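Report on the following structure.
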Protein chains: 2
Amino acid sequence: MKVYEKNPPACECEEVHADIVEKRRDEMPDQSTLYDLSDFFKILGDSTRMSILYAIDGGSMCVCDIAALLGMTKSAVSHQLKILRQSDLVTYRKTGKNVFYALADDHVRDIIEKALEHIKE
Amino acid sequence: MKVYEKNPPACECEEVHADIVEKRRDEMPDQSTLYDLSDFFKILGDSTRMSILYAIDGGSMCVCDIAALLGMTKSAVSHQLKILRQSDLVTYRKTGKNVFYALADDHVRDIIEKALEHIKE
DNA sequence: ACTACAGTTGAACAACTGTTCAACTGTAGT
DNA sequence: ACTACAGTTGAACAGTTGTTCAACTGTAGT
């Protein structure tokens, strides 16, 4: 939402270390990269979605079973699965009346694993 | 918020694969672990906080300069720094009128780096 | 064709989150 | 003691987010 510019308007500071600020500005990633990054983490920043990811970590599961496991309605789970789908974190496969969801790749597993290490300290 | 139980109340499914669900239930992490994990990612899931982390990645900065760099008010930055402090993602050091913030450790850097790899695909 | 059920979807609602604003604390300089 | 300014803080507000509810789609079985 916020966009930082060459001559930031909102800063009311007097004693700015202009040289440092300018140097850092060059080193900062693109605005879009920062948004992509925080958007990615936003997906993982919900306990329901985190639970779903762990549930299907051991193998694909249908919506019904995920809902049963988490003690939630199919609707609530389906809404969250949609978000996970749109972020390409999960894949799905229709077989008859069921839709089976699975983890899309190992990247996410690694990231969550690293975060777990960080937390346990 | 949601707590899953041995006999989930909210699931209205008929065709549940009970054996799979029970097996997964045993393999699931503790409820508290899931919350800690998603809470951690929640912190990284905001572009302002992500920007701040990148800003101080190159070395400690005072609140004023961070605000100038991001084009935000000191107040807004300070509020986010408080959250980052409470999560032990940053450290701070007072010198005179300024407060310099720095990254707490390398863990976070690694996680963000891994997420970046994931995004660029 | 009809019924049953897994899954999806949009609207509505409540809870949460980030920024703004104004008031405040504390340090430095005069 | 006074002024100036960096930084913090709580309340208020607007925007966002997750769950619920009800209606819907599509497939399987009869």
Side-chain angles (χ1 to χ4, degrees), chain A residues 1-4 8-17 21 34-35 38-39 41-52 60-87 90 92-101, chain B residues 1-4 8-17 21 34-35 38-39 41-52 60-87 90 92-101:
Chain A
M1 277 135 211
K2 279 286 157 304
V3 177
Y4 53 81
C11 179
E12 68 286 43
C13 301
E14 301 294 330
E15 194 188 317
V16 182
H17 307 94
V21 173
L34 290 170
Y35 279 110
S38 54
D39 282 348
F41 286 121
K42 213 171 282 180
I43 304 291
L44 300 181
D46 176 74
S47 61
T48 297
R49 288 192 288 270
M50 187 59 69
S51 302
I52 292 175
S60 65
M61 283 181 89
C62 67
V63 178
C64 201
D65 288 345
I66 297 173
L69 175 57
L70 304 187
M72 297 179 67
T73 62
K74 286 180 297 183
S75 177
V77 171
S78 185
H79 275 296
Q80 298 309 323
L81 282 170
K82 185 179 189 178
I83 295 174
L84 292 172
R85 241 186 297 140
Q86 289 171 336
S87 316
V90 301
Y92 67 105
R93 173 177 46 90
K94 273 189 98 164
T95 56
K97 288 203 289 181
N98 292 304
V99 180
F100 288 90
Y101 283 86
Chain B
M1 279 135 207
K2 279 286 157 304
V3 178
Y4 53 82
C11 177
E12 69 287 44
C13 301
E14 302 292 328
E15 194 187 319
V16 182
H17 307 92
V21 173
L34 290 170
Y35 279 110
S38 55
D39 282 347
F41 286 121
K42 216 171 280 180
I43 305 291
L44 300 180
D46 177 76
S47 61
T48 297
R49 289 191 288 269
M50 186 60 67
S51 301
I52 292 176
S60 64
M61 284 181 88
C62 69
V63 178
C64 201
D65 287 346
I66 297 173
L69 175 55
L70 304 188
M72 297 178 67
T73 62
K74 286 181 296 183
S75 176
V77 171
S78 184
H79 275 296
Q80 298 309 323
L81 282 169
K82 185 179 190 179
I83 295 174
L84 292 171
R85 243 187 295 138
Q86 290 171 335
S87 316
V90 301
Y92 67 105
R93 174 176 45 90
K94 273 190 98 163
T95 56
K97 288 203 289 181
N98 291 306
V99 180
F100 288 89
Y101 283 85

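For the numbers below, each heavy atom of this structure counts, side chains included, while hydrogens, waters and symmetry mates do not. Order of the sequence lines sets the chain letters (A, B, ...), proteins ahead of strands, with each chain counted from 1. Everything quoted here is computed from the prediction, not taken from an experiment.
A:Ser38 has its side chain out of reach of B:Arg49: every pair of non-hydrogen atoms, C-beta onward, lies at least 4.5 Å apart.
When the P atom of D:dG7 is taken as reference, atom CG of B:Leu81 falls 10 Å away, rounded to whole Å. For B:Met72 and D:dG7, the CE to C1' distance is 15 Å, given to the nearest whole Å. Atom CD1 of B:Ile66 is separated from atom P of C:dT19 by 14 Å (rounded to the nearest Å). Counting to the nearest Å, the C1' atom of C:dG18 and the CD1 atom of B:Ile43 are 13 Å from each other. The distance from atom CG of B:Asp39 to atom P of C:dT17 is 9 Å, rounded to the nearest whole Å. Rounded to a whole Å, the CZ atom of A:Phe100 is 7 Å from the P atom of C:dG7. One can place NE2 of B:His17 at 15 Å from P of C:dC5, the figure rounded to the nearest angstrom. D:dG18 atom C1' lies 8 Å from atom CZ of A:Arg49, rounded to whole Å.
When all heavy atoms of B:Val77 and B:Ala67 are compared, the closest pair comes out as CG2-CA, 3.8 Å. Considering every non-hydrogen atom in both B:Gln80 and B:Thr48, the closest pair reads CG-CG2, 3.8 Å. Scanning all heavy atoms of the two residues, the minimum distance from B:Ser51 to B:Ser47 falls at OG-O, 2.7 Å. When all heavy atoms of A:Arg85 and A:Ser78 are compared, the closest pair comes out as NH2-O, 4.4 Å.
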Listed pairs, N/O of protein and of nucleotides 9-13 of chain C, under 3.5 Å:
from: C:dT9; atom 1: O4; to: A:Ser75; atom 2: OG; distance (Å): 2.7
from: C:dG10; atom 1: O6; to: A:His79; atom 2: NE2; distance (Å): 2.8

Reading 5' to 3' through nucleotides 25-30 of chain D, protein heavy-atom contacts under 4.0 Å coded B for base, S for sugar-phosphate only, - for none: -BBS--
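The line from CG of B:Asp46 to CG of A:Asp39 is 10.0 Å long, rounded to the nearest 0.5 Å. Note: A:Leu69 CG to B:His17 NE2 = 14.0 Å, rounded to the nearest 0.5 Å. Note that the CE atom of A:Met50 and the CD1 atom of A:Ile43 stand 11.0 Å from one another [nearest 0.5 Å].
Taking only side-chain nitrogens and oxygens, A:Gln80 comes nearer than 4.0 Å to OP1 or OP2 of D:dT19. Taking side-chain N and O atoms only, A:Tyr101 has a distance below 4.0 Å to OP1 or OP2 of C:dT8.
In this structure, the side-chain contact (heavy atoms from CB on, under 4.5 Å) partners of B:Lys94, at least two apart in sequence or on a different chain, are B:Val99. Residues satisfying the side-chain contact (heavy atoms from CB on, under 4.5 Å) criterion with B:Arg93, sequence neighbours excluded, are B:Ser60, B:Thr95, B:Phe100.
With B:Val63 as reference, B:Leu81 is the one residue of B:Asn98, B:Ile52, B:Leu81 to meet the side chain to side chain contact (heavy atoms under 4.5 Å, CB included) rule.
For the helix from C:dA1-D:dT30 to C:dT30-D:dA1, the rotation axes defined at the first and last 5 base pairs enclose an angle of 30°, given to the nearest 10°.
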